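Since we're looking at a predicted model, the values are computed, not measured.
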Amino acid sequence: MKLNTKEKSKVISCCNEKLISDYNFDSAQEYPAEWFRRQFSFIDNEKLREHLGDEFYQTRFTFTLMETLSLPMSKNKGIIKFQIIQYASICEAILNYTLEMFFKDEFENRYAATQFSNIEAALSSKTKITYEGKPVFICKPKMEKAKITWTSNPTKAEFAVEKGILTEETKGKYCALYDLRNNAHILKAATADYYPKPKEAKAAYELLFQFLGEVRAFYAASQRQDEA
């Protein structure tokens with residue numbers, strides 16, 4: 001059994017009414033999708049802006065659909081999990097991009113690690129060195145710069161606090177959200193007996209605005225310094 005056109009239209013209209021929690025938004029002047037993209041206007045990369053805006057729009061729409069249909073807990077867990085994953089991913093994308101833009105070299109060098117590679121030609125193939133019964137190899141060290149996208153979120157968030165991108169409060173909430181996001185792995189969720197909760201999705205939505213506000217302020221301050 002399918003909804004008819006009138007019923008579908010009513011559901012979508014109800015979703016759109018709750019879509020944007022900005023009392024200044026005027027649907028007669030701006031499309032909802034444009035409003036979501038505008039939240040990332042401080043980012044210079046046009047493609048990234050578009051993707052962030054679209055991800056935000058899709059995430060919010062699924063939540064309003066859940067509320068419009070008044071889905072019970074037995075049917076809304078997937079949507080709530082999607083909210084948590086998406087909001088954590090949006091925040092991470094913004095943080096990664098900001099670190100790349102302003103502190104790439106400093107970050108990569110600070111968190112660089114020494115890697116060791118075996119020098120096979122240093123000894124004859126017949127030569128074996130052991131220590132306490134275990135084989136020993138001759139290696140050469142090489143410094144490998146840290147990759148921002150591969151570095152743990154707590155490390156990146158702490159660096160962001162140091163550089164004035166985020167506050168301690170936002171850092172704590174972001175890291176907590178990312179811990180929830182990692183429960184997307186079924187084995188981890190089963191071990192922790194974790195089920196996503198509606199209040200966590202709402203908190204993630206609120207955190208995104210807090211996160212955006214602080215990062216936006218950092219960009220504005222940096223621009224003022226460049227113009228001075």
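Within the 4.5 Å cutoff, side-chain heavy atoms of Arg38 are placed close to those of Glu30. Looking at Ile165 and Phe102, their side chains never come closer than 4.5 Å, going by heavy atoms from C-beta outward. Using a 4.5 Å heavy-atom threshold, the side chains of Leu52 and Phe36 count as separate. Between Phe63 and Phe82 there is no side-chain heavy-atom pair separated by less than 4.5 Å. Using a 4.5 Å cut-off on side-chain heavy atoms (C-beta onward), Ile80 and Tyr195 make no contact. Residues Gln210 and Glu169 meet the side-chain proximity criterion, which asks for heavy atoms closer than 4.5 Å.
Residue Ile85 is not grouped with residue Leu177 when hydrophobic side chains (ILVMFWY) are merged at heavy-atom distances under 4.5 angstrom, including chains of intermediate members. By the rule that hydrophobic residues join a cluster once side-chain heavy atoms approach within less than 4.5 Å of another member, Ile90 and Met101 end up as members of one cluster. Note on Ile148: it does not cluster hydrophobically with Trp150, by side-chain heavy-atom contacts below 4.5 Å among ILVMFWY residues. In the hydrophobic clustering of ILVMFWY residues, with side-chain heavy atoms under 4.5 Å counting as a link, Tyr97 and Tyr87 come out together. Linking ILVMFWY residues whenever their side-chain heavy atoms come closer than 4.5 Å, directly or via other members, leaves Tyr57 and Ile12 in distinct clusters.
Heavy-atom neighbours of Lys18 NZ from other residues, nucleotides or ligands within 6.0 Å: above the threshold of 12. The number of heavy-atom neighbours closer than 6.0 Å to NZ of Lys77, taken from other residues, nucleotides and ligands shown, is above 12. By the neighbour-count criterion of 12 heavy atoms within 6.0 Å, atom NZ of Lys188 is densely surrounded, having more than that number from other residues, nucleotides or ligands. A 6.0 Å sphere centred on CD1 of Ile186 holds no more than 12 heavy atoms belonging to other residues, nucleotides or ligands.
In this structure, Arg216 has no side-chain hydrogen bond (donor to acceptor under 3.5 Å, both in side chains) partners at least two apart in sequence or on a different chain. Looking at residues two or more places apart in sequence or on another chain, you find a side-chain hydrogen bond (donor to acceptor under 3.5 Å, both in side chains) between Ser21 and Tyr205. Evaluation of the salt bridge (Lys or Arg N to Asp or Glu O under 4.0 Å) rule for Glu158 yields Lys171 as partners, not counting sequence neighbours.
A side-chain contact (heavy atoms from CB on, under 4.5 Å) with Arg37 holds for exactly one of Arg49, Glu46, Glu50, His51; it is Glu50. When each of Ile94, Leu48, Asn45 is paired with Phe40, the side-chain contact (heavy atoms from CB on, under 4.5 Å) condition holds for Ile94 and for no other.
Atom OH of Tyr178 sits about 13.0 Å away from atom CD1 of Ile84, to the nearest 0.5 Å. In this structure, CD1 on Ile20 lies 3.5 Å from CZ on Phe25, to the nearest 0.5 angstrom. Rounded to the nearest 0.5 Å, atoms CH2 (Trp35) and CG (Leu19) are 8.0 Å apart. Here the NZ-CE distance, from Lys75 to Met73, works out to 13.0 Å after rounding to the nearest 0.5 Å. Taken from CG in Asn96 to CZ in Phe107, the straight-line distance is 8.5 Å, to the nearest 0.5 Å. Note that CD of Glu67 and CG of Asn76 are 10.0 Å apart. Values are rounded to the nearest 0.5 Å.
With salt bridges taken as basic N to acidic carboxylate O contacts below 4.0 Å, none links Arg181 and Glu92. Between Lys173 and Glu206 there is no salt bridge, since no side-chain nitrogen of the basic residue lies less than 4.0 Å from a carboxylate oxygen of the acidic one.
The backbone N or O of Phe103 lies less than 3.5 Å from no partner atom in the side chain of Glu106, so there is not a single donor-acceptor pair. In this structure a side-chain-to-backbone donor-acceptor pair under 3.5 Å is missing from Gln39 to Gly53. Formation of a donor-acceptor pair under 3.5 Å by the Glu108 side chain with backbone atoms of Asp105 is not found in this model. In terms of modelled atom types and a separation under 3.5 Å, the side chain of Thr68 and the main chain of Thr64 share a donor-acceptor contact.
When all heavy atoms are compared, the tightest approach of Cys175 to Pro154 is SG-CA, 3.8 Å.
A cation-pi arrangement is absent between Lys163 and Phe218, since the terminal nitrogen or guanidinium carbon is not both under 6.0 Å from the aromatic centre and inside a 45° cone about the axis.
Aromatic ring orientation, Tyr174 versus Phe211: tilted (interplanar angle from 30° to 60°).
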